[in-house]
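The structure under discussion appears below in the form of C-alpha cells.
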Amino acid sequence: MARFIDDLQRTHYCGELRASDLGKEVVLFGWVAHRRDFGGCVFLDLRDREGIAQVVFDRTYTPTGEVSRITALAARGEAFWDSTVADSAQQLAEEVRREWVIGVRGVVVHRGEKNVNPRLGTGEIEVRVAEAVVFNRAETPPFSVEDEIATDEDIRLKYRYIDLRRAPLQRNLRMRHEVNQTVRSYLSDQGALELETPILCKYTPGGARNFLVPSRLNAGKFYALAESPQLFKQLFMMSGFDKYFQIVKCFRDEDLRLDRQPEFTQIDIEMSFVCQDDIFRLLEGLMFRVFEKTGAADLKAHYPSGEFPRMSFAESVRRFGNDKPDLRFGLELTELTELAIAHDGGGLPLVKAITDSFKSGAYRLEVPAEIVKAFVIPASANFSRPQLEAFEKSLREIKGFKGLARAKVADGGAWTQSPLKTVTDEFRLAVNAALGVSDGDVICFQFGKTDVVNAALAKLRLDVGKKMGLIPESGHGGQWRLLWVVNPPLFEQNEDGTWAAAHHAFTRPVDEHVALLDSDPARVLCYRYDLVLNGFEIGGGSIRLHDPDVQQKVFSVLGIHEESAKNMFGFLLEALRSGAPPHGGIAIGMDRLTMLLSGGSTLRDVIPFPKTNQGVDTMSGAPVVVAPAQLDELHVAVAASADPAR
RNA sequence: GGGGUGGUAGUUAAGUCGGUUAUAACGCCGGCCUGUCACGCCGGAGGCCGCGGGUUCGAGUCCCGUCCACCCCGCCA
C-alpha cells in the first residue's frame with residue numbers, strides 16, 4: 001500500500017490554507033507551479049484548483065517546540081520528523097520541475113512578517129515539508145501555466161488539458177458550474193420539470209444546417225443532431241407537463257465565429273397557459289438569481305422594480321440600427337427619411353432618388369426598402385481626420401456598404417469637409433435642427449438599403465462608443481444593461497418576393513395583426529422576444545401558435561402547402577389538433593451568458609473543449625477519416641477524398 | 001462561398017533594398033546561491049524560417065499555388 005493517498009490523505013486544498021491553520025500538520029497534493037532554488041533551501045509553489053501554497057524544503061530545518069505541539073501527531077503516535085525521510089524529500093525538491101504532480105506532508109508555519117506575500121490568499125503562511133512524493137514527472141509544458149499568456153489559440157487548444165489549468169479558465173468553468181446549479185434550483189423551485197429530449201432527431205429543412213448521422217440499422221437513412229429541442233418541448237406542453245426546462249446541447253452545422261460553436265448549450269424553457277409577461281417574470285427572476293450567485297452584479301441596484309426595460313423591435317432598429325442595442329451608452333441614430341421627403345431630397349441626388357420612390361408609391365414608410373439616417377459624432381470626441389476615415393474603413397466589411405458621407409458642422413451650421421456640396425440651405429438647417437448638432441459635431445449620413453444603412457450605423461455607433469471610452473473594447477466594464485426587445489415582424493421577404501418566417505413557423509402573430517396575414521404580411525408583428533445584455537442577444541423565444549387555423553394561414557403565407565407541411569412537421573401539426581394549450585418559451589444561450597458574466601470576449605474561454613473556426617478539435621484531431629469497413633457498415637459511400645495528412 | 005490579418009527556436013516576437021554564421025526575451029539544460037514568490041548570477045543547447053513550386057549567381061525576404069490559425073461578411077433565430 002502506498003504511503004501517500006492510501007495512508008496519507010489530502011487534508012486541505014493548497015489554496016485554502018490560512019493563518020488559522022498555523023501549527024497544523026497537513027497533506028497537500030498538487031502541481032508544481034514555480035520552483036525557486038537557493039541551494040540549501042527550495043521553495044515550491046504548489047497549485048491545485050483552489051489556489052497556490054508555498055511549500056519549503058529546508059536542509060537545515062529540524063522540528064522545534066512549535067511542531068511538537070501538534071496534537072494530531074501525538075494521537076497517531078507517529079513522529080512528524082524522520083531525518084531519512086526528510087533527506088529524500090530534499091532530494092525530490094532538487095529534481096522537481098514545473099507541472100510535476102507531487103504530494104507533501106508538512107506543517108503550516110508563519111512565514112515571518114518580512115516574507116508575507118499580500119498577493120496570495122495563502123501569503124501569510126507556508127508549509128515546512130517533512131515528507132514528499134512524486135506522482136508524475138511531467139514533461140516541460142509547451143507554454144506556461146500563468147494567468148496571462150500570449151500563446152496562440154491553436155496551441156492552447158491542442159494542449160487544452162494544460163490550458164485549463166490556468167486560473168482564469170478554472171474560474172470560468174467554476175462560474176459555469178454555478179450558472180448550471182442556479183438555473184436548476186431556481187427553475188425547479190418555480191415548478192418547472194427538467195425533462196430530456198432526443199439528440200438523434202429527424203432532419204428538418206429550413207433554419208440551421210443539421211449535422212447528419214447515418215443509420216446502420218436503416219440503410220441509406222440519416223438522423224439529424226438536434227439543432228434545438230424546439231418541437232419536443234412544445235410536445236411536452238401538449239402532453240400536459242405545464243412547465244419544462246432543460247440545460248441541453250444543441251448542434252448546428254454553420255460557419256463558426258468568435259461567439260459561435262458547432263455544439264453549444266441552451267437553457268431551454270417552455271410553459272403552458274402563459275403570455276409574454278409570464279415568461280419575462282420567470283426570466284427576470286432567473287437572471288437576478290444567476291447574477292447574484294455568480295457574484296457578477298447586484299441587479300437590484302439597476303432594476304429595483306425587478307423588471308428589465310422593454311423596447312419594441314421597431315424602436316430598437318430606429319434608435320440603434322439593430323435588435324440588440326448596447327444601452328450602456330447613448331449616441332443614438334436619427335431617422336431622416338420623412339424629413340428628406342418633405343424637402344424633396346434636399347438637393348442631394350442620392351437622397352432624391354429615394355424620396356422619389358416614396359412619392360411614387362414604390363416605397364412605403366411602414367416598411368421602407370431604403371432610408372435616410374444619420375449618426376452624430378460629438379465634437380467632444382475630437383477625432384482626427386485619419387481616425388474618422390478609420391471608422392469608415394472598418395465599415396467596409398458590411399456587405400453592400402457604399403461609403404459614409406460625413407459633414408463637419410461649422411460655426412453658423414455650415415457643413416465643411418463634406419461631399420454633400422449640393423445640399424439646400426433649408427434641408428441642411430432642418431437636418432441640423434433634427435440632430436441637435438452644434439459647432440464641431442461630425443454628422444455621418446447613410447442613405448440606401450434599409451438593412452445596410454442600419455448595419456453600418458449600428459457598427460459605427462459601437463466603434464465610436466468604444467473609441468470614446470464610453471464602453472470597453474470587450475467585457476462588461478462593471479456596467480450591466482438588460483433589455484427585452486419585443487414584437488418583431490413575423491415574416492421576412494425574400495429577394496424573389498416570397499415570404500419566409502423570420503423566426504420559425506410556429507410563432508404566434510399579435511392578435512390585432514391576424515387579419516393582415518392575407519392582405520399585408522410585411523406588417524404582421526409577432527409575440528417574439530429577445531433578451532439583450534450589453535449589446536449581446538443572450539436569449540430569445542416566442543409565444544407559439546396553438547390555433548391550427550391561424551397556423552394554416554401562416555403556412556399559406558409561407559407558401560407551405562398541406563402536403564409539405566405534413567412532411568416537415570406532421571407530428572407537431574397533429575399534436576396541435578390533439579389538444580394544444582396556449583404556450584410559449586425561451587432559450588438562453590448558456591455559453592454566451594457565462595462568457596458575458598465572466599467578463600470574457602470569446603466563447604472558447606467558457607467551453608472546456610471548444611473547436612477551431614474550421615470545426616476541428618486540434619487536440620483529438622476530430623473529425624477524421626474512417627476505415628472503408630466502417631462506412632460499409634453504415635451504408636455510406638464517400639465522394640470527397642480527404643487529405644489524410646491534415 | 002467571399003474579404004482581411006498572420007505562420008521564423010518549446011513560446012512570443014524582430015529580421016532593413018534579395019547578400020557573410022538568422023536575432024532577442026521568456027522557457028529548457030548545467031553550475032552557484034538559505035527567504036524567495038515572474039528569485040538572482042554565470043554558462044550552454046535549441047531552427048524543414050508552415051508546405052510545394054518558380055524567379056535569381058544567391059530567397060526567411062520577391063512571384064504563384066497550397067495548408068493551418070485568427071477576425072469579419074454571407075450563413076446561423
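Chain A is the first sequence line, chain B the second, and so forth, proteins listed ahead of strands; every chain is numbered from 1.
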Counterpart base for B:rU21, defined by Watson-Crick or G-U wobble contacts under 3.5 Å
none

For RNA chain B, which residues in residues 147-155 of chain A have a heavy atom at a distance below 4.0 Å?
A:Ala150, A:Thr151, A:Asp152, A:Asp154, A:Ile155

Taking atom types as they are modelled, would you say the side chain of A:Asp58 forms a donor-acceptor pair with the base of B:rU34 within the 3.5 Å cutoff?
yes

Residue pair A:Gln230/A:Leu120 against RNA chain B: nearer the 5' end by closest nucleotide is A:Leu120

Base, sugar-phosphate, or nothing: which does A:Ser144 touch, judged by heavy atoms less than 4.0 Å apart?
nothing

So, under a plain 3.5 Å distance rule, would you say the side chain of A:Arg35 forms a donor-acceptor pair with the base of B:rC37?
no

At less than 3.5 Å, do the side-chain atoms of A:Arg396 and the base atoms of B:rC72 form a donor-acceptor pair?
no

Please answer whether the main-chain N or O of A:Asp253 pairs with a side-chain N or O of A:Arg209 as donor and acceptor at a distance below 3.5 Å.
yes

Quiz question: going by heavy-atom distance under 3.5 Å, is there a donor-acceptor pair between the base of B:rC70 and the side chain of A:Asn613?
no

State the pairing partner of B:rC49; accept Watson-Crick or G-U wobble contacts with both distances under 3.5 Å, and report none otherwise.
none

Determine, answering yes or no, if A:Phe43 is stacked on B:rU36 under the 5.5 Å centre rule and the 30° plane rule.
yes

Identify the nucleotide, in any strand shown, that forms a Watson-Crick or G-U wobble pair with B:rG74, with both distances under 3.5 Å; if there is none, say none.
none

Base, sugar-phosphate, or nothing: which does A:Asp37 touch, judged by heavy atoms less than 4.0 Å apart?
base

State, without any angle test, whether A:Gln91 and A:Glu95 hold a side-chain donor-acceptor pair at a distance under 3.5 Å.
no

Given that A:Glu126 and A:Thr612 both sit by RNA chain B, which one's nearest nucleotide is further toward the 5' end?
A:Glu126

With a 3.5 Å cut-off and just heavy-atom distances, do the side chain of A:Arg252 and the base of B:rC76 make a donor-acceptor pair?
no

